[in-house]
Protein chains: 2
Amino acid sequence: MSTAQGAKGARARARIEVTAAIKDEARGQLAAEGAAKLSLRAVARELGMASSALYRYFPSRDDLLTALIIDAYNSLGEAAEAARDTAADAGHVRRWTVVCEAVRAWALAHPHEYALIYGSPVPGYTAPDDTIPAAARVAYVFTGIVRDAHQGPGLAKPPLPAELRPEAHRMAAEFAPDLPPETVAAFVAAWAELFGLVGFELFGQFNRVVEDRETFFRHAAERLAHGVGLVFP
Amino acid sequence: MSTAQGAKGARARARIEVTAAIKDEARGQLAAEGAAKLSLRAVARELGMASSALYRYFPSRDDLLTALIIDAYNSLGEAAEAARDTAADAGHVRRWTVVCEAVRAWALAHPHEYALIYGSPVPGYTAPDDTIPAAARVAYVFTGIVRDAHQGPGLAKPPLPAELRPEAHRMAAEFAPDLPPETVAAFVAAWAELFGLVGFELFGQFNRVVEDRETFFRHAAERLAHGVGLVFP
DNA sequence: TCGCTTTTGTGAGCAGTGCTCTCGCTTGGT
DNA sequence: ACCAAGCGAGAGCACTGCTCACAAAAGCGA
């Protein structure tokens with residue numbers, strides 16, 4: 001037999017350990033210098049291994065980056081979920097804005113990671129499929145709040161122009177059959193608009209324009225909540 | 001004296017000519033492959049000059065990039081202005097959405113340029129001062145529409161929470177003393193939110209989510225107009 | 001236990017990058 | 001006609017992502 005250790009052979013355990021070490025070091029460089037300056041050789045150097053050895057774990061630099069992208073999505077998702085849970089028994093609008101503020105806070109704390117996932121997608125044009133579930137986590141937190149409001153008496157239906165009805169019905173049928181189509185359409189827009197607010201602040205578009213960004217953002221988020229139909233505090 | 005030619009000596013003319021050629025070639029590479037793959041050496045190669053000669057015109061790669069950034073802002077600004085002029089005598093909401101759609105169309109037509117200016121700012125953290133006036137052009141088109149509505153009877157005042165009043169007054173005093181503070185605050189938010197919508201579509205966040213993006217965007221833009229207080233069609 | 005295959009790690013090497021420096025040539029102004 | 005400034009060329013440095021042939025090492029069936 002063998003060492004009868006934890007599980008699945010020491011070989012496999014070492015592999016995931018080294019993989020994690022590489023990602024950690026890479027994440028550090030990403031946070032410090034940005035995705036553009038993330039260098040495989042520097043990561044290998046810091047880990048005391050030959051640069052070529054790193055290719056046993058990630059077939060290319062882009063693959064390392066997409067791994068970091070997934071981690072970033074999950075980190076942001078966790079932050080959003082944690083914020084939702086701390087405000088579990090507040091009103092719907094309050095819960096919405098609390099999560100919005102958590103997203104903003106995460107972005108300000110991890111600017112380069114945020115740029116990696118919501119800025120220009122550096123590698124190719126279309127995101128790899130692995131990123132989709134991780135990316136959906138934040139959105140899921142928001143839809144959960146909307147869903148709660150819908151089950152209680154806290155959701156007003158936004159107006160839905162006739163021209164947009166087919167698309168709204170399609171989106172609702174596919175992603176949230178239990179929610180009114182007008183709500184789903186309004187939510188998708190608010191979802192994108194929220195990240196417009198965060199991105200503008202983070203990428204310097206608000207420099208010399210918005211000063212008190214904290215309160216500005218909070219009220220913008222509140223207006224987004226109203227736009228989705230969240231009415232009670 | 002001199003050659004009595006067009007102006008300021010042939011030397012200077014040649015310089016701006018070569019500078020333009022470099023920018024053109026660089027813009028081509030940017031559009032084709034993205035900012036990450038823009039290579040000074042490739043530009044020089046394509047122009048038939050030594051790569052070191054290029055440094056007579058742009059002290060560094062980042063300087064070339066910021067030149068392209070300014071050009072991109074101006075190109076987007078021109079597109080917005082042109083759109084505004086084509087709808088000169090439509091209602092305020094219609095003019096607003098027409099300009100929004102022009103911004104979106106420009107972004108879809110120049111994805112890498114858009115990513116360069118509204119995606120992650122690649123060079124440093126703060127944008128060079130030269131970019132500010134160019135960046136303001138688009139915003140100025142929108143404020144022009146809002147101002148027109150304000151001078152006519154087409155502008156409703158959005159609600160302004162007490163907490164946001166100081167900031168709204170400050171922004172209004174600084175940028176648009178002729179507009180109500182509540183309008184200015186709502187506009188700044190709508191401005192950022194608009195680019196959230198465009199960015200999400202362009203960067204693939206709407207993949208598998210929004211199908212009929214044209215009409216989805218149009219109505220989202222309309223709702224933004226209403227949020228700012230634009231009421232008449 | 002032996003032997004074999006698969007997995008890891010190594011170092012050299014290729015093609016490419018941004019950028020610097022020195023060297024000559026051309027040009028503009030005086 | 002001279003001299004300084006501007007401009008282009010080439011070599012070179014330090015760095016990058018990535019590939020390849022090769023050597024240890026670990027796992028596993030016999």
Side-chain angles (χ1 to χ4, degrees), chain A residues 1-23 25-26 28-30 32-69 116 122-124, chain B residues 1-23 25-26 28-30 32-69 116 122-124:
Chain A
M1 248 265 98
S2 71
T3 55
Q5 249 285 33
K8 279 297 179 50
R11 192 85 264 165
R13 278 221 321 278
R15 178 163 241 284
I16 68 172
E17 217 165 82
V18 175
T19 308
I22 293 172
K23 284 209 292 186
E25 177 59 35
Q29 289 198 19
L30 170 64
E33 298 267 29
K37 304 209 169 174
L38 198 173
S39 147
L40 285 194
R41 291 181 110 111
V43 170
R45 209 178 300 135
E46 217 66 27
L47 262 53
M49 52 165 76
S51 66
S52 52
L54 220 144
Y55 287 82
R56 302 283 179 196
Y57 299 88
F58 295 94
S60 84
R61 183 180 182 275
D62 281 4
D63 289 270
L64 214 198
L65 270 184
T66 61
L68 293 182
I69 286 177
L116 191 62
V122 222
Chain B
M1 250 267 97
S2 73
T3 55
Q5 250 284 33
K8 282 295 180 53
R11 192 84 266 166
R13 278 222 321 278
R15 178 165 240 283
I16 68 171
E17 218 166 81
V18 175
T19 307
I22 293 172
K23 284 208 293 185
E25 178 60 34
Q29 289 198 19
L30 170 64
E33 299 267 28
K37 303 209 170 176
L38 199 174
S39 147
L40 285 193
R41 291 180 110 111
V43 170
R45 208 178 301 135
E46 216 67 27
L47 262 52
M49 54 165 75
S51 66
S52 54
L54 221 144
Y55 286 83
R56 302 280 181 198
Y57 299 88
F58 295 94
S60 86
R61 184 180 181 276
D62 281 2
D63 289 270
L64 214 198
L65 270 185
T66 61
L68 292 183
I69 287 177
L116 191 61
V122 225

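Just so it is clear: chains get the letters A, B, ... in the order the sequence lines come, proteins before strands, and each one is counted from 1. These numbers were taken from a predicted model, which means no experiment stands behind them.
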Open item on the list: Please report the interatomic distance OH(B:Tyr55) to CG(B:Leu40), rounded to the nearest 0.5 Å.
Closed with: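 Those atoms lie 4.5 Å apart.
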When you get a sec, tell me which of [options] is the closest nucleotide to the side chain of [X]?
X: A:Ser52; options: C:dT8, C:dG11, D:dC18; answer: C:dG11
X: A:Arg11; options: D:dA26, C:dC19, D:dG17; answer: D:dA26
X: A:Ala42; options: D:dC18, D:dT16, D:dA26; answer: D:dT16
X: B:Ala50; options: D:dA9, D:dT16, C:dT17; answer: D:dA9
X: B:Tyr57; options: D:dC18, D:dG8, C:dG9; answer: D:dG8

- [ ] Would you check if A:Leu47 and A:Leu54 make a side-chain contact, meaning some heavy-atom pair closer than 4.5 Å?
- [x]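 With C-beta onward as the side chain, the pair stays apart.
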Task: Contact check, side chains of B:Leu64 and B:Tyr57, non-hydrogen atoms, under 4.5 Å - done: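 Answer no - side chains too far apart.
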Expressed as a whole number of angstroms, how long is the span from [X]:[atom1] to [N]:[atom2]?
X: A:Tyr55; N: D:dC22; atom1: OH; atom2: P; value: 21 Å
X: A:Phe58; N: D:dT19; atom1: CZ; atom2: P; value: 16 Å
X: A:Arg13; N: C:dT7; atom1: CZ; atom2: C1'; value: 17 Å
X: B:Asp62; N: C:dT17; atom1: CG; atom2: C1'; value: 14 Å
X: B:Leu54; N: D:dG10; atom1: CG; atom2: C1'; value: 15 Å
X: B:Leu65; N: C:dC19; atom1: CG; atom2: C1'; value: 15 Å
X: B:Arg15; N: C:dT27; atom1: CZ; atom2: P; value: 16 Å
X: A:Leu38; N: D:dG17; atom1: CG; atom2: C1'; value: 12 Å

Open item on the list: Just N and O in the side chain of A:Arg56: are any of them under 4.0 Å from OP1 or OP2 of D:dT19?
Closed with: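 No.
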TODO: Give a yes/no answer on whether the side chain of A:Ser39 brings an N or O atom under 4.0 Å of OP1 or OP2 in D:dG17.
DONE: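 Indeed, a polar side-chain atom of A:Ser39 lies that close.
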TODO: Locate the shortest heavy-atom distance separating B:Lys37 from B:Gln29; write the atom from each residue and the value.
DONE: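 Result for this residue pair: O-OE1, 4.2 Å.
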Open item on the list: On DNA chain D, does the nearest nucleotide to B:Ala53 precede the nearest nucleotide to A:Leu40 from the 5' side, or the other way round? Give the residue.
Closed with: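 Whichever sits nearer the 5' end wins; that is B:Ala53.
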Open item on the list: Could you check whether the side chain of B:Arg41 and the base of C:dG18 have a donor-acceptor pair of N or O atoms closer than 3.5 Å, going by distance alone?
Closed with: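 Per atom types, the contact qualifies.
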TODO: Assess the side chains of B:Thr66 and B:Asp63: does a donor N or O sit below 3.5 Å from an acceptor N or O?
DONE: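 No donor-acceptor contact under 3.5 Å links the two side chains.
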